[in-house]
2 protein chains.
Amino acid sequence: MADSGMGAGPRPSGESLLFLTDDQLRRGIEAMFFAYRGFTADPDRILAEKSYGRAHHRALHFVHRSPGTTVNNLLNILGVTKQSLNRVLRTLIEDGLVQSKVGVQDRRERHLFLTEGGEALEKVLSEAQRKRMRAAYREAGPEAVAGFRQVLQQIMDPEMRKHFDQLKDGM
Amino acid sequence: MADSGMGAGPRPSGESLLFLTDDQLRRGIEAMFFAYRGFTADPDRILAEKSYGRAHHRALHFVHRSPGTTVNNLLNILGVTKQSLNRVLRTLIEDGLVQSKVGVQDRRERHLFLTEGGEALEKVLSEAQRKRMRAAYREAGPEAVAGFRQVLQQIMDPEMRKHFDQLKDGM
DNA sequence: TTGGAAAGTCAACAAGGCTGACATAAACTG
DNA sequence: CAGTTTATGTCAGCCTTGTTGACTTTCCAA
């Protein structure tokens, strides 16, 4: 198929550009499920060797992405409790992958940075993940990629969408 | 922006249709992360009320999708251990949402079906999820949706891709 | 100077992954 | 028929990562 004919079934007359059966929507849902598994598979393998988990990867990713970010900001982006993040962050700091610096203007805040070791691990993880994404993009083609990104942005919660857009500015 | 100009930076001459900087790939990765959160948010809220989790939702989804499927098949699709699945399946059976029938040809097998109650919960969950997907699809447009699906299929592991394609046949 | 925000810590708990071991019944095979 | 393999279920125990609640320390700002 590839979304060409949609076989039998009644079709609501007129009105919408996009005719979306529940089954077609279910296919999209299943695609998200299976794809997300692939999306995390490569980093997960690497993390398992080092006895880290996905939570560590997420922290490394966003600290790399926004060096000097505060704990509170990270909390909002990741959408977890401070206790949960703190556990992960503590091990990363103990292992010398993340550095926490007291804020200059507001000394209550902690600003987070990756150390050389942290950058190195982040690079290995994100390269594994990018490799798969690059291959997928190449197979699907530029127009598919644009559509992919558009739909993903629409799926996000508005709150998360805001974080997503804010990260863009820093690039 | 929306992927129009990509600002400064060197560009490898010729060769590839698709020019993908690491930063562009990182944006795709972040989009997947944030979107997946939105993707699961609505069912998660409903499940929390009933003290079920995502694992229950997945089981309900795939049993609904392939009524009469065996435990082993479900195991392969979900990619978890039988102990993990069994815990979830047991509670669903105890709560009368799933029915397990001894196989006719092979009496070692258990064939799984949703009861009326199971169908009802599955419907509530999937309607919440489909509502978001439908809105996202509508905003993004049909071409974006096609691209979205193409890229997701490419991201999957070949093994998972096989399961994904097999499910299609049953539709 | 005092209230409250930011951050950290401790304790306890739950979901849902995992491994390993073991039991049963059924099917298959020599 | 005896032995092996397969499908399933179950018990016990462990790990990660999420949660809530309570409490402390630091320190900015009104």
Side-chain angles (χ1 to χ4, degrees), chain A residues 33 36-37 40-41 43-63 68-95 98-113, chain B residues 33 36-37 40-41 43-63 68-95 98-113:
Chain A
F33 170 70
Y36 200 77
R37 292 259 296 281
T40 57
D44 279 356
R45 268 188 289 273
I46 296 167
L47 289 158
E49 291 170 17
K50 310 196 186 295
S51 51
Y52 285 132
R54 245 178 242 182
H56 300 85
H57 183 194
R58 290 196 285 264
L60 288 174
H61 175 98
F62 286 107
V63 173
T69 188
T70 64
V71 172
N72 222 359
N73 185 43
L74 205 49
L75 240 37
N76 290 326
I77 288 175
L78 294 174
V80 297
T81 59
K82 63 174 178 173
Q83 294 89 333
S84 199
L85 174 59
N86 197 263
R87 179 168 36 200
V88 165
L89 228 37
R90 192 168 48 218
T91 72
L92 290 174
I93 291 170
E94 280 170 5
D95 296 352
V98 168
Q99 200 185 354
S100 166
K101 290 184 185 171
V102 173
V104 180
Q105 292 183 329
D106 185 338
R107 294 172 45 108
R108 290 169 302 180
E109 291 179 344
R110 299 291 180 277
H111 297 275
L112 303 170
F113 301 88
Chain B
F33 170 71
Y36 200 77
R37 292 259 297 279
T40 57
D44 280 355
R45 267 188 291 273
I46 296 167
L47 289 158
E49 290 169 19
K50 310 194 186 294
S51 52
Y52 286 132
R54 243 177 245 181
H56 300 86
H57 183 192
R58 290 197 284 265
L60 288 174
H61 176 99
F62 286 109
V63 173
T69 187
T70 64
V71 172
N72 223 354
N73 185 43
L74 203 51
L75 242 36
N76 290 325
I77 287 175
L78 295 174
V80 297
T81 59
K82 63 173 180 172
Q83 293 91 332
S84 201
L85 175 59
N86 197 262
R87 180 167 36 199
V88 166
L89 226 38
R90 193 167 47 218
T91 72
L92 290 174
I93 290 171
E94 280 170 5
D95 294 353
V98 168
Q99 199 185 355
S100 163
K101 290 185 184 171
V102 172
V104 180
Q105 292 182 328
D106 186 336
R107 297 172 41 106
R108 290 171 304 180
E109 292 179 342
R110 298 291 181 273
H111 297 275
L112 302 170
F113 301 86

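Bear in mind the structure is a predicted one, so any value in this text is a computation, not a measurement. Letters A, B, ... are given to chains in the order of the sequence lines, protein chains preceding strands, and every chain is numbered from 1.
Taking the side chain of B:Ser100 as heavy atoms from C-beta on, and the options C:dT9, C:dA6, D:dG9, the nearest nucleotide is D:dG9. Nearest to the side-chain atoms of A:Gln83 among the listed nucleotides D:dT10, D:dT8, D:dT20 stands D:dT20. Taking the side chain of A:Asp106 as heavy atoms from C-beta on, and the options D:dG18, D:dC28, D:dA7, the nearest nucleotide is D:dC28. Comparing D:dC28, C:dA7, D:dG18 by their nearest atom to the side chain of A:Arg58 picks out D:dG18. Taking every side-chain heavy atom of B:Arg110 into account, D:dT8 is the closest of C:dG17, D:dT8, D:dC28. Relative to the side chain of B:Arg108, the nucleotides D:dC28, D:dT6, D:dG9 differ in distance, and D:dT6 lies closest.
Atom CD in B:Gln105 sits roughly 10 Å away from atom P in C:dC28 (whole-Å rounding). To the nearest angstrom, P of D:dT16 lies 16 Å from CG of A:Leu85. What separates NZ of B:Lys82 from P of D:dC11 is a distance of 13 Å, to the nearest Å. Remark: C1' of D:dT16 and NZ of A:Lys50 are 18 Å apart, rounded to the nearest angstrom. Atom C1' of nucleotide D:dT17 and atom CG of A:Leu75 are separated by 14 Å, given to the nearest angstrom. Rounded to whole angstrom, the span from the CG atom of B:Leu89 across to the C1' atom of D:dT10 amounts to 14 Å. In this structure, B:His111 places its NE2 atom 14 Å from P of C:dA26, rounding to the nearest Å. With rounding to whole Å, B:Arg54 atom CZ is found 11 Å from D:dG18 atom C1'.
In the interface, the side chain of B:Arg87 is paired with the base of C:dG17 through a donor and an acceptor atom under 3.5 Å apart.
In this structure, CG in B:Leu74 is found 13.0 Å from NE2 in B:His111, a value given to the nearest 0.5 Å. Considering OG of A:Ser100 and CG of A:Leu92, their distance stands at 12.0 Å, rounded to 0.5 Å. We find the NE2-CG distance between A:His56 and A:Leu47 to be 8.5 Å, quoted to the nearest 0.5 Å. For the atom pair B:Arg87 CZ and B:Thr81 OG1, the distance stands at 7.5 Å (nearest 0.5 Å).
A close approach under 4.0 Å does not occur between any side-chain nitrogen or oxygen of B:His56 and OP1 or OP2 of C:dA15. Taking side-chain N and O atoms only, B:Asn86 has no distance below 4.0 Å to OP1 or OP2 of D:dT8. Contact between the side-chain N/O atoms of B:Thr81 and the OP1/OP2 oxygens of C:dG17 is not found at any separation under 4.0 Å. Here A:Asn72 reaches the OP1 or OP2 of C:dA7: one of its side-chain N or O atoms lies under 4.0 Å away.
Between A:Val104 and A:Ser51, the residue anchored closer to the 5' end of DNA chain D is A:Ser51, taking for each the nucleotide with the nearest heavy atom.
The aromatic rings of A:Tyr36 and B:Tyr36 sit parallel to each other, their planes meeting at less than 30°, with 60° as the upper class boundary.
If you check every strand for non-hydrogen atoms under 4.0 Å, B:Arg90 touches sugar and phosphate atoms only.
The closest donor-acceptor contact from the side chain of A:Arg37 to the backbone of B:Leu78 lies under 3.5 Å.
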